[in-house]
Amino acid sequence: MASSLFTVGLVGAWFSSNIGVILLNKYLLSNYGFRFPLFLTMCHMIACSLFSYLIIVWFKMVPMQPIRSRVQFTKIATLSAIFCASVVGGNISLRFLPVSFNQAVGATTPFFTAVFAYLITVEREAWLTYLTLVPVVAGVVIASGGEPSFHLYGFIVCILATAARALKTVLQGILLSSEGEKLNSMNLLLYMAPIAVLLLLPATLIMEPNVLGMTVALARQDVKIVYYLTFNSTLAYCVNLTNFLVTKHTSALTLQVLGNAKGAVAVVVSIILFRNPVSVTGMLGYTLTVCGVILYSEAKRRSNNI
């Protein structure tokens, strides 16, 4: 009974953190007027660095896995750069796109994963697996045509962010494939997050040069921005922590199923909160994409069991 309650609480925390960080990102970048996606992402990475250190090094909740070579560090730095690009792109797209459409585009991750896996590793899936990707792409095409708040720049950035996320997944499987180099997700975050901060700092200073002064000025007018940024950054770490814990205490398949449900819940909640206009065509397109993702996951699972 206690174990079941713990699992339910864990899933609830996973949903809350995943949906919460998306909605709060949208609120800050679009509704609140904090138009600094690079700085916001850097805040996320700073929080991930600090919390990762506390959880792994201080509290020892997860065994620490040391970096064993310069080559391994280079591989982690490469993954960090791609990871950083995907998060920044996702945050930039939220400035211009409603959460509902952002989630529809993000749901095409399996399509890009399959493409990169084929191009980089020449790994071929069963024809049925590729067939399930047709509704994934078709759904986004339909949703794009029916999206009342469509923004071309936001759409392109969102596509690039989704592709970067898929590329990281594929490269991670290749670069950290040997037994001596494999890292669990929490240790990988421990090393990737500080590297991401070092990458984001110069980019933020160049592309958002007045962000610190404007943030301080904004905080003097409305101290809530400090609480928003702190809470938002903490949620960003909680997303990674709960991803790890849900996988550990349930299974990777459970996390995959929850991921499909999360997108739908985030869409409904965002429409209620932000009242962005939606169309029947857009919703049908998103539904088709989600159905395609579910079919892809099932086809992938069956092909792996053969």
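Both backbone and side-chain heavy atoms feed into the values below; hydrogens, waters and symmetry mates do not.
A distance-only check finds a donor-acceptor pair linking the side chain of T289 to the backbone of V140 [under 3.5 Å]. A side-chain donor-acceptor contact under 3.5 Å links N240 to the backbone of A236. Side-chain atoms of S80 come within 3.5 Å of backbone atoms of M192 as a donor-acceptor pair (strictly under, hydrogens ignored). Between the S86 side chain and the F83 main chain, a donor and an acceptor come within less than 3.5 Å of each other. Side-chain atoms of S279 come within 3.5 Å of backbone N or O of G146 as a donor-acceptor pair. Remark: the backbone N or O of V105 is paired with a side-chain donor or acceptor of T108 at under 3.5 angstrom. A donor-acceptor contact shorter than 3.5 Å links the side chain of S270 to the backbone of V267. At distances below 3.5 Å, not a single donor-acceptor pair connects side-chain atoms of Q103 with backbone N or O atoms of A266. Looking only at distances, a side-chain donor or acceptor of K26 sits under 3.5 Å from a matching main-chain atom of L94. Although no hydrogens or angles enter the test, the distance criterion places no donor-acceptor pair under 3.5 Å between the side chain of Q172 and the main chain of L79.
In K262, the NZ atom is crowded: over 12 heavy atoms of neighbouring residues, nucleotides or ligands sit closer than 6.0 Å.
Across every non-hydrogen atom of L24 and F231, the tightest pair is CD2-CD2, 3.7 Å. Here the shortest heavy-atom pairing between S17 and V239 reads O-CG2, 3.5 Å. Taking each heavy atom of G282 and A143 in turn, the nearest pair found is O-CB, 3.8 Å. The two residues S100 and M283 have their closest heavy-atom pair at CB-CE, 4.4 Å. Of all non-hydrogen atoms in F116 and A163, the two that sit nearest each other are CE1-O, 3.2 Å.
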**OP:** Take L235 and H44 through the side chain to side chain contact (heavy atoms under 4.5 Å, CB included) test and state the conclusion after the steps.
**Re:** CA-CA 8 Å; L235 277 180; H44 289 179; over 6 Å; no
**OP:** Evaluate the side chain to side chain contact (heavy atoms under 4.5 Å, CB included) criterion for residues I55 and K60: first the C-alpha distance (whole Å), next the side-chain angles of each, then the deciding distance (0.1 Å), finally the verdict.
**Re:** CA-CA 6 Å; I55 291 294; K60 302 185 186 303; over 6 Å; no
Original post:
Can V88 and L200 be said to form a side chain to side chain contact (heavy atoms under 4.5 Å, CB included), step by step?
Top reply: CA-CA 9 Å; V88 169; L200 283 166; 3.6 Å; yes
Original post:
When you look at L183 and L190, which way does the side chain to side chain contact (heavy atoms under 4.5 Å, CB included) test go after all the steps?
Top reply: CA-CA 10 Å; L183 298 173; L190 172 69; over 6 Å; no
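Aromatic pair Y32/F34: centroids not less than 6.0 angstrom apart.
In this structure, L176 CG and N187 CG are separated by 11.5 Å, a value rounded to the nearest 0.5 Å. Residue L54 holds its CG atom at 11.0 Å from CE of M61, rounded to the nearest 0.5 Å. Here the CE-OG distance, from M45 to S49, works out to 8.0 Å after rounding to the nearest 0.5 Å. From T74, atom OG1 reaches atom CD1 of I67 across 9.5 Å, with rounding to the nearest 0.5 Å. Distance check, rounded to the nearest 0.5 Å: OG of S149 to CG of N102 gives 12.5 Å. Rounding to the nearest 0.5 Å gives a distance of 10.0 Å between OG1 of T250 and CH2 of W14.
Side-chain atoms of P135 and C291, non-hydrogen and from C-beta on, never get closer than 4.5 Å to each other. Here the side chains of L212 and F39 are in contact, with some heavy-atom distance below 4.5 Å. The shortest side-chain heavy-atom distance between V157 and F96 does not fall under the 4.5 Å cut-off. When side chains are defined from C-beta on, V136 does not count as touching L295, because their heavy atoms never get closer than 4.5 Å. Considering only heavy atoms from C-beta on, N276 comes within 4.5 Å of V278 through its side chain.
Note on K75 versus E181: salt bridge recorded, some NZ/NE/NH1/NH2 to OD/OE distance being below 4.0 Å.
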